[in-house]
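So that the names make sense, note that chain A is the first sequence line, chain B the second, and so on, each numbered from 1.
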Amino acid sequence: MEIREAHPFDLTPAEAIRLQERLREQVRRSGDAGEVSLVAGADASYAKGEDVIHAVVVALSYPDLTVVERVSAAAVTPFPYIPGLLTFREGPALIEAFRRLRSEPDVIFFDGQGIAHPRGLGIASHMGVLLDRPAIGVAKSLLAGTVSEPGAGRGSTAPILRDGETIGMAVRTRERVKPVYVSVGHRIDLSQAVDLVLATARGYRLPEPTRQAHLFANAVRRGDGQATLPSSTR
DNA sequence: GCGACAG
DNA sequence: ATCTTGTCGC
């Protein structure tokens with residue numbers, strides 16, 4: 001995929017925060033992914049004490065969810081993990097992975113928040129803007145806002161609120177299992193984002209794009225990505 | 001000043 | 001995120 005613009009990542013935390021405050025204005029909180037026929041999941045993996053990040057993107061056809069392409073990229077991260085600044089840690093490796101992706105997904109799932117972020121620019125929104133592509137944030141825990149417990153049944157939801165505004169939705173993708181926290185990344189509305197998460201969550205807590213990216217990222221880091229899995233890693 | 005805090 | 005074995009529950 002084409003990346004929208006060169007973007008500095010060798011910043012101090014204070015500079016990174018200022019960049020987020022500037023980029024947040026470019027996030028589109030509404031939109032329609034259109035006729036979705038291709039989705040993608042992006043994720044990163046790394047070993048405990050190391051600063052090498054393995055980022056991957058997995059593309060799947062929709063609605064059948066067959067994996068059609070997998071790419072990966074390794075990079076030394078220039079940033080430690082700081083809540084709210086995740087993109088500055090995983091972004092460089094992710095961008096390289098997207099450069100290697102030949103598919104043109106209609107929507108991309110990210111492992112983390114979209115606008116449900118202290119400055120409205122979680123990794124899904126940040127990457128969505130850089131890629132200029134519909135993006136959805138699917139986080140396993142909450143970073144900003146408050147939420148009540150959704151009903152126990154699959155498909156139950158509860159709004160994530162901040163100052164009276166809905167910034168995302170807790171979504172129960174599997175009965176009696178902890179919900180995932182969905183928020184708009186870029187160029188898609190919350191309603192369609194939630195629909196797509198539920199439509200791609202099949203039997204597991206995490207939607208398939210995210211789950212497949214998780215599995216592949218770990219396989220690549222362990223070194224058996226090439227041997228065990230089909231498709232290109234090139 | 002004291003907690004909270006995506007991955 | 002990662003380190004780790006078995007184990008309880010649907």
Give the rounded distance in Å between these two atoms: CG of A/L143 and P of B/dA6. 6 Å

Nearest nucleotide by nearest heavy atom, which residue falls closer to the 5' end of DNA chain C, A/K140 or A/R176? A/K140

Identify whether a stacking contact exists between A/Y81 and B/dG7, where the ring centres must be under 5.5 Å apart and the planes under 30° apart. yes

Has the side chain of A/E96 got a donor or acceptor atom that lies under 3.5 Å from a matching backbone atom of A/A73? no

Please give, in whole Å, the distance from B/dA6 P to A/I123 CD1? 13 Å

To the nearest 0.5 Å, atom CG of A/L131 lies from atom CD1 of A/I95 at 7.5 Å

5'-to-3' dot-bracket of DNA chain B (Watson-Crick, G-U; under 3.5 angstrom; crossing pairs as [ ]; | other strand): .......

Residue A/H117, side-chain atoms from C-beta onward, closest of B/dG7, B/dA6, C/dC3: B/dA6

Go through the steps for A/Y181 and A/L143 under the test side chain to side chain contact (heavy atoms under 4.5 Å, CB included), then give the verdict. CA-CA 9 Å; A/Y181 303 92; A/L143 174 64; over 6 Å; no

Assess the side chains of A/D111 and A/T210: does a donor N or O sit below 3.5 Å from an acceptor N or O? no

Any salt bridge linking A/E149 with A/R172? Criterion: basic side-chain nitrogen under 4.0 Å from a carboxylate oxygen. yes

Please check if the side chain of A/Q212 supplies one atom and the backbone of A/A59 the other of a donor-acceptor pair under 3.5 Å. no

Here DNA chain C, pairs taken as Watson-Crick or G-U under 3.5 Å and shown with ( ), [ ] when crossing and | when to another strand, reads ..........

Whole-Å distance separating the OH atom of A/Y204 from the P atom of C/dC10: 19 Å

Can you tell me if the side-chain N/O atoms of A/S141 get under 4.0 Å from OP1 or OP2 in B/dC5? no

When you get a sec, tell me which of B/dC5, B/dG7, C/dT2 is the closest nucleotide to the side chain of A/R221? C/dT2

How many angstroms lie between CZ in A/R24 and CG in A/L121, if you round to the nearest 0.5 Å? 8.5 Å

Could you tell me the separation between the CD atom of A/E175 and the C1' atom of C/dC10, rounded to a whole number of Å? 10 Å

Look at A/N218 and C/dT2 and indicate whether a side-chain polar atom (N or O) is within less than 4.0 Å of OP1 or OP2. yes

N/O (side chain, A/H214) to phosphate O (OP1/OP2, C/dA1) under 4.0 Å: yes

Contact class for A/L121 vs. all strands (heavy atom < 4.0 Å): base, sugar-phosphate, or nothing? nothing

Report the distance from atom CG of A/L86 to atom P of B/dA4, rounded to the nearest whole Å. 21 Å

Round to the nearest Å and state the distance from A/R174 atom CZ to C/dG9 atom P. 16 Å

Does A/R205 have more than 12 heavy atoms from other residues, nucleotides or ligands lying within 6.0 Å of its CZ? yes

Could you tell me how far apart A/F109 (CZ) and B/dA6 (C1') are, to the nearest whole angstrom? 17 Å

Would A/R89 count as a cation-pi partner of A/Y46, with NZ or CZ less than 6.0 Å from the six-membered ring centre and within 45° of the ring normal? yes

Should the pair A/F9 and A/H126 be assigned to parallel (<30°), tilted (30 to 60°) or perpendicular (>60°) ring geometry? parallel

Between A/I53 (CD1) and C/dA1 (C1'), how many Å, whole number? 9 Å

NA contact type, A/G84, heavy-atom cut-off 4.0 Å: base, sugar-phosphate, or nothing? base

